[in-house]
Amino acid sequence: MPELPEVETVRRELAATLVGRTVTEVAVHGPRTVRRQSVRRFRAGLTGRRVLDVRRHGKYLLIGCDGGTLVVHLRMTGRLSLEDGAPGGVIPHTHAVLSLDDGRRLRFVDPRTFGELFFATEGDQLLADTVGRLGPDAADGGIGPEALGRLVGRRRTSLKAFLLDQAMIAGIGNIYADEICFAAGLRPDRSTATLGADDLARLAVAVRAVLSRAVGSRGTSLGDGGYRDLFGDPGGFQAEHAVYGRGGRPCPRCGTAIEKSRLAGRSTHWCPRCQG
DNA sequence: AATGGGGCCTGAGAGC
DNA sequence: TGCTCTCAGGCCCCAT
């Protein structure tokens, strides 16, 4: 579920609370969450490390420590939470708990177990296999019309599939792909081969505008099991969705009913009048 | 070679 | 009430 705005919200909260802390203990429950390396190596690598900074590339969280980086990907249902005081009751689907030197704990919960954690040292192949395959971050100020044009290249695919491709631009998921297409006035099934300079210009503006507004609203939370931040609080951007999750309801700009269908295997929403 | 579809998992909600 | 079915925000892998 979490896309760039949600991961960025968590990143900011982690940066404000974790930097300077030392990991005193690492507990892993169930091997699937730490699947790129042995649990032994994960625990040995992370235990005793001090957190220096918290960065993000696309949907990956990069918690920089002295001697390596804790890499976190929340995938669909992963959630990080910070807890004070004594351990409470058992929280279902807890796959990892990091104890900190100030008595707090960082918990990783993930019902669908798609999310993952690993600890990488500098130059680690694990980094090349994951973060290293990403395109530029979608919130990177350098993604203008020219950069988009270069990324599109000779690709012949739908605009939606292009926006979702993390090797092209990193950080956009299904919700924001739909919102960006709407903001740019472009149909999500529009072929990238037909995009002109003016389309790319509107697309570049839309990417930046939608993501920056979403970060400002601390991301999107849908339903009960949806995204929550480090302290359990939901985001607010769902109230500003123009198309996502609004199939059959009126377009906020022209009132035409929003279309919903499947594209690139994903639910897709758009206004048939405003997007061409 | 790039692209679309299936698979990985569990839970929520709809429909009967 | 309770069962079954569909769907879900991501990404890897495979066949085409």
Side-chain angles (χ1 to χ4, degrees), chain A residues 1-10 29-36 56-61 71-80 91-95 108-118 126 128-135 137-138 151-181 188-193 210-211 214-215 217-229 234-248 260-269:
Chain A
M1 40 203 305
E3 308 179 26
L4 186 150
E6 294 77 36
V7 179
E8 174 62 17
T9 300
V10 173
H29 315 288
R32 201 175 133 77
T33 292
V34 181
R35 48 165 122 30
R36 289 182 191 268
R56 180 191 58 73
H57 191 142
K59 301 167 195 171
Y60 283 90
L61 276 170
V71 181
V72 180
H73 198 308
L74 303 172
R75 288 295 209 284
M76 298 276 266
T77 52
R79 202 184 283 183
L80 286 173
I91 297 176
H93 308 298
T94 294
H95 303 308
F108 180 75
V109 174
D110 185 9
R112 286 172 76 179
T113 71
F114 293 163
E116 64 167 315
L117 314 176
F118 62 88
L126 290 177
D129 291 344
T130 54
V131 188
R133 294 161 65 165
L134 300 176
D137 187 83
L151 288 167
V152 166
R154 292 199 187 84
R155 284 170 59 94
R156 304 186 67 85
T157 184
S158 65
L159 175 56
K160 171 112 180 198
F162 170 74
L163 290 172
L164 290 175
D165 188 342
Q166 303 299 300
M168 294 289 111
I169 309 169
I172 299 170
N174 203 38
I175 294 175
Y176 297 105
D178 282 6
E179 293 297 322
I180 287 166
C181 287
D189 61 355
R190 177 82 175 264
S191 167
T192 51
V210 168
L211 294 178
V215 169
S217 297
R218 312 180 74 259
T220 292
S221 292
L222 299 172
D224 285 345
Y227 157 79
R228 294 294 183 276
D229 73 4
F237 193 66
Q238 61 280 2
E240 298 179 54
H241 288 180
V243 289
Y244 186 86
R246 301 193 64 251
K260 178 182 180 184
S261 67
R262 288 193 88 75
L263 178 62
R266 320 296 299 279
S267 68
T268 300
H269 316 70

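It should be emphasised that the depicted structure is a prediction, and the values quoted were computed from it without experimental measurement. First the proteins, then the strands, lettered A, B, ... as listed; each starts at 1.
No option in Arg155(A), Arg133(A), Lys160(A) other than Arg155(A) meets the salt bridge (charged side-chain N to carboxylate O under 4.0 Å, His left out) test with Asp165(A).
Rounded to whole Å, the separation between the P atoms of dC14(C) and dC9(B) comes to 15 Å. Rounded to whole Å, the P atom of dC7(C) lies 15 Å from the corresponding atom of dG5(B). On the P atoms, dG6(B) is 14 Å away from dT6(C), given to the nearest whole Å.
Counting heavy-atom neighbours within 6.0 Å of Arg156(A) CZ, excluding the residue itself, gives a total of 12 or less.
Regarding Tyr244(A), its OH atom lies at a distance of 13 Å from the P atom of dC7(C), rounded to whole Å. When rounded to the nearest whole Å, the span between NE2 of His269(A) and P of dG9(C) equals 8 Å. The interatomic distance linking Ile180(A) (CD1) with dG9(C) (P) rounds to 15 Å, in whole Å. Summarising the geometry, the separation between CG on Asp165(A) and C1' on dG5(B) is reported as 15 Å, rounded to the nearest angstrom. Per the geometry, CG belonging to Asp110(A) stands 13 Å off P belonging to dC11(C), to the nearest Å. Rounded to whole angstrom, the span from the CD1 atom of Ile91(A) across to the C1' atom of dG11(B) amounts to 17 Å. Taking atom CZ of residue Arg266(A) and atom P of nucleotide dC12(C), one finds them 13 Å apart after rounding to whole Å. Taking atom NZ of residue Lys59(A) and atom P of nucleotide dC12(C), one finds them 10 Å apart after rounding to whole Å.
Taking side-chain N and O atoms only, His73(A) has a distance below 4.0 Å to OP1 or OP2 of dC11(C). Under 4.0 angstrom from either OP1 or OP2 of dA2(B) there lies no side-chain N or O belonging to Arg155(A). Of the side-chain N and O atoms in Thr157(A), one or more sit less than 4.0 angstrom from OP1 or OP2 of dG4(B). Look at His93(A) and you won't find any side-chain N or O under 4.0 angstrom from OP1 or OP2 of dC9(B). At the phosphate of dC11(C), OP1 or OP2 sits under 4.0 Å from a side-chain N or O atom of Gln166(A). Contact check, Arg262(A) against dA8(C): a side-chain N or O comes under 4.0 Å of OP1 or OP2. A close approach under 4.0 Å does not occur between any side-chain nitrogen or oxygen of Tyr176(A) and OP1 or OP2 of dG9(C). Taking only side-chain nitrogens and oxygens, Arg112(A) never comes nearer than 4.0 Å to OP1 or OP2 of dG9(C). In terms of phosphate contacts, Ser267(A) brings a side-chain nitrogen or oxygen within less than 4.0 Å of OP1 or OP2 of dG9(C).
Looking at heavy-atom distances under 4.0 Å, Pro2(A) makes no contact with the nucleic acid at all. Residue Gly265(A) is out of contact with every strand shown, counting any heavy-atom pair closer than 4.0 Å.
Remark: ring of Phe114(A) stacked against base of dG10(C); centroid gap under 5.5 Å, plane tilt under 30°.
Using a 4.0 Å cut-off between a side-chain N of Lys or Arg and a carboxylate O of Asp or Glu, Arg75(A) and Asp110(A) do not qualify as a salt bridge.
Under the Watson-Crick and G-U wobble criteria, each requiring two contacts below 3.5 Å, nucleotide dC13(C) is paired to dG5(B).
Considering CZ of Phe162(A) and CG of Leu151(A), their distance stands at 5.0 Å, rounded to 0.5 Å.
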Give the intermediate values and the outcome of side-chain hydrogen bond (donor to acceptor under 3.5 Å, both in side chains) for residues Tyr227(A) and Glu3(A). CA-CA 10 Å; Tyr227(A) 157 79; Glu3(A) 308 179 26; over 6 Å; no

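Between His73(A) and Tyr60(A), the ring-plane angle classifies as perpendicular under the 30° and 60° cut-offs.
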